[in-house]
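Just so you know, these numbers use all the heavy atoms, side chains as well, and skip hydrogens, waters and symmetry mates. Values in this document were obtained by computation on a predicted structure and should not be read as measured data.
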Amino acid sequence: MRAARLLSLVLLLQNRGRLTADELARELGVSTRTVYRDIDSLSSAGIPVYGDAGHRGGYQLLDGYRTRLTGLHADEAESLFLAGMPGAADDLGLGEVLAAAQLKLTAALPAPLRDRAGRIRERFHLDAVGWYREQDSPPVLVALADAVWNQRRIRVRYRRWAEPQEVERELDPYGLVLKAGVWYLVAAVDGAVRTYRVSSILRLDVREDGFERPDGFDLMAHWQDYLATYDARRLRLQASVRIAPALFAALPDHLDAVLVRAVEASAGPPDGDGWVTATVPLESVDLAVPTLLSLGPDIEVLAPEELRRRVAETAAAVLDRYRPAGRTEAGDLSSSPADTVADSARAARTAKP
């Protein structure tokens, strides 16, 4: 471990020139005192490293010195496919390995190419996690990645939506996919390839027995096929809705792209008020209600009747929650919450200029 750190220190000075002890400590993840000891060790070993005191001081190598110790180990070479995603490398336990590999590659480049690589790193950064979300880093991920790499069969306890919510499965793990900051496992169970969200794995046991991957299995091609059929499997509820002009124009800011495309493709001509009738595909009544209510009063559900009723009931319950205690509205005693909200919506539409 210390030998690898000493090599990394030399490569940092070779690639970047003068660096202070504090800068080296941050890059290497050690204390400043450790850097001082490492510098002394390098000097004792004949490495021409020297330091300048003062505000602009720091350590650097003698001009012209270049180490030839830049060969990549197998694990460093294997980590390079994650070079653009350091967060993913850290999740898989390859963060330090990837950093060492990048240092060695940079040190092996001619000076002009090394400068270009540095400018690219300074000017472009890939952040694959969606807004308002954190990187998904399940605790079983490192052990799971090891099982995938070494083709070890696994037994998992998994939490799902359907009943029973917790199930046990014996899987052949084919690969891991990072989608929008969330890790997914592609694995075979009873000969069928399935996809599992890694954060839903409650317990993981790695077996000693291995498995054989099917000849020609292409993880990237499988994932693309999975995505192509995912929305068709997911969006099974077809809701007929009326949408106000302002909301129709702003739908891309509120709904997934696949839903927006469906609405635009099915939209009819505007009525006298400018509202359009369209079909929006949704997952289920339970999930559709909060989605539609989040769009506010500029959308009205026409069908199916169950969804229209549930939206009206939920809106009425929200209204009741915020109504001052002891206050009632005319007509409340003789009509249901759904009728009251529906009547209010119709009255509001009639009053539109």
Worksheet, complete the sentence: Heavy-atom nearest pair, P297 first then W275, reads O-CH2, 3.8 Å
Worksheet item: Considering residues, nucleotides and ligands other than D253, do more than 12 of their heavy atoms fall under 6.0 Å from its CG?
Response: yes
Worksheet item: P173 and V148: which non-hydrogen atoms are nearest, and at how many Å?
Response: CB-CG2, 3.7 Å
Discussion item. Evaluate L176 against W183 for side chain to side chain contact (heavy atoms under 4.5 Å, CB included), listing each step before the verdict.
Written reply: CA-CA 7 Å; L176 287 164; W183 286 99; 4.1 Å; yes
Practice prompt. Please name the pair of heavy atoms, one in A267 and one in A278, separated by the smallest distance, quoted to 0.1 Å.
Written response: CA-CB, 3.8 Å
Worksheet item: At what distance, to the nearest 0.5 angstrom, does CG of D38 lie from CG of L9?
Response: 6.0 Å
Practice prompt. Grab the two heavy atoms, one from Y59 and one from G51, that are nearest each other, plus how far apart they are.
Written response: CD2-CA, 3.7 Å
Worksheet item: In Å and rounded to the nearest 0.5 Å, what is the CG to OH distance from L219 to Y226?
Response: 13.0 Å
Worksheet item: Do the side chain of D218 and the main chain of M220 share a donor and acceptor less than 3.5 angstrom apart?
Response: yes
Worksheet item: Does the pair D146 and V206 meet the rule for a side chain to side chain contact (heavy atoms under 4.5 Å, CB included), with working shown?
Response: CA-CA 9 Å; D146 185 72; V206 180; 5.7 Å; no
Worksheet item: If only atom types and distance count, is the side chain of R197 paired as donor or acceptor with the main-chain N or O of I201 below 3.5 Å?
Response: no
Response to the item:
Here the gap from D298 atom CG to R242 atom CZ, rounded to the nearest 0.5 Å, amounts to 11.0 Å
Worksheet, complete the sentence: In short, P304 meets A239 closest at the heavy-atom pair CD-CA, 4.1 Å
Worksheet entry | Ion pair check, R323 and D320, cut-off under 4.0 Å | yes
Discussion item. So if I apply the ring-ring contact (aromatic ring centres under 6.0 Å, His included) rule between Y184 and each of Y230, W223, Y196, which one comes out positive?
Written reply: W223
Discussion item. A side-chain contact here means heavy atoms from C-beta on lying under 4.5 Å apart; do E168 and V156 qualify?
Written reply: no
Fill in: Whether R308 side chain and V301 backbone form a donor-acceptor pair below 3.5 Å
yes
Fill in: Atom CD of E163 with >12 non-hydrogen neighbours under 6.0 angstrom
yes
Fill in: Set of residues satisfying side chain to side chain contact (heavy atoms under 4.5 Å, CB included) with respect to R213, sequence neighbours excluded
Q151, Y174, F211, F217
Item to complete: Would you indicate whether the side-chain heavy atoms of L292 and L282 approach each other to under 4.5 Å?
Response: yes
Worksheet, complete the sentence: Scanning both residues in full, the closest heavy-atom pair of P245 with G274 reads CG-O, 3.3 Å
Discussion item. Checking L185 against I154 for the side chain to side chain contact (heavy atoms under 4.5 Å, CB included) test, could you report, in this order, the C-alpha distance in whole Å, the side-chain angles of both residues, the deciding distance, and whether it holds?
Written reply: CA-CA 12 Å; L185 169 68; I154 61 175; 4.0 Å; yes
Discussion item. To the closest 0.5 Å, what do you measure between CG (L171) and CZ (R155)?
Written reply: 9.0 Å
Practice prompt. Is it possible for you to say whether I243 and V258 belong to one hydrophobic cluster, with membership spreading through side-chain heavy-atom contacts below 4.5 Å?
Written response: yes
Worksheet item: Do any pairs count as a side chain to side chain donor-acceptor pair (under 3.5 Å) and have a residue in residues 282-297, sequence neighbours left out, and if so which ones?
Response: R234-E283, D286-R310
Worksheet item: What residues form a side-chain hydrogen bond (donor to acceptor under 3.5 Å, both in side chains) with E166, not counting sequence neighbours?
Response: R157
Fill in: Beyond-backbone contact of L293 with V311, side-chain heavy atoms, under 4.5 angstrom
yes
Fill in: Side chain to side chain, L19 and L12, heavy atoms closer than 4.5 Å
yes
Fill in: ILVMFWY cluster, L287 and L307 together (side-chain gap under 4.5 Å)
no
Discussion item. I'd like to check T277 versus V241 (side-chain heavy atoms, cut-off strictly below 4.5 Å). Are they in contact?
Written reply: no
Practice prompt. Applying side chain to side chain contact (heavy atoms under 4.5 Å, CB included), name anything that partners R26, two or more places apart in sequence or on another chain.
Written response: D22, E23
Discussion item. When you group the ILVMFWY residues by side-chain heavy-atom contacts below 4.5 Å and let the links chain together, are L302 and V285 in the same group?
Written reply: no
Fill in: Pairing residues for D205 by the salt bridge (Lys or Arg N to Asp or Glu O under 4.0 Å) criterion, not counting sequence neighbours
R203
Discussion item. Taking V30's backbone N and O only, do any of them form a donor-acceptor pair with T34's side chain (distance below 3.5 Å, no angle check)?
Written reply: no
Discussion item. Under a 4.0 Å threshold between the charged nitrogen and the carboxylate oxygen, would E313 count as salt-bridged to R309?
Written reply: yes
Discussion item. Any heavy-atom pair between the side chains of L237 and P281 that's under 4.5 Å?
Written reply: no
Fill in: Validation row: Q60, V49 side chains within 4.5 angstrom (heavy atoms)
no
Worksheet, complete the sentence: Taken in chain and number order and not counting sequence neighbours, the residues that satisfy side-chain hydrogen bond (donor to acceptor under 3.5 Å, both in side chains) with D256 are none
Worksheet item: How long is the gap from CG on D190 to CG on D172, to the nearest 0.5 Å?
Response: 9.5 Å
Worksheet item: Any chain of hydrophobic side-chain contacts (each under 4.5 Å) joining L202 to L141?
Response: no
Discussion item. Just verifying a value: how many Å separate R194 CZ and R169 CZ, rounded to the nearest 0.5 Å?
Written reply: 9.5 Å
Worksheet item: Would R152 and E208 pass as an ion pair if we require N to O under 4.0 Å?
Response: no
Discussion item. V167 vs R160, test: side chain to side chain contact (heavy atoms under 4.5 Å, CB included). Steps then yes/no.
Written reply: CA-CA 8 Å; V167 295; R160 60 179 186 174; 3.6 Å; yes
Discussion item. Contact between D52 and R18 at the side-chain level, heavy atoms closer than 4.5 Å - yes or no?
Written reply: yes
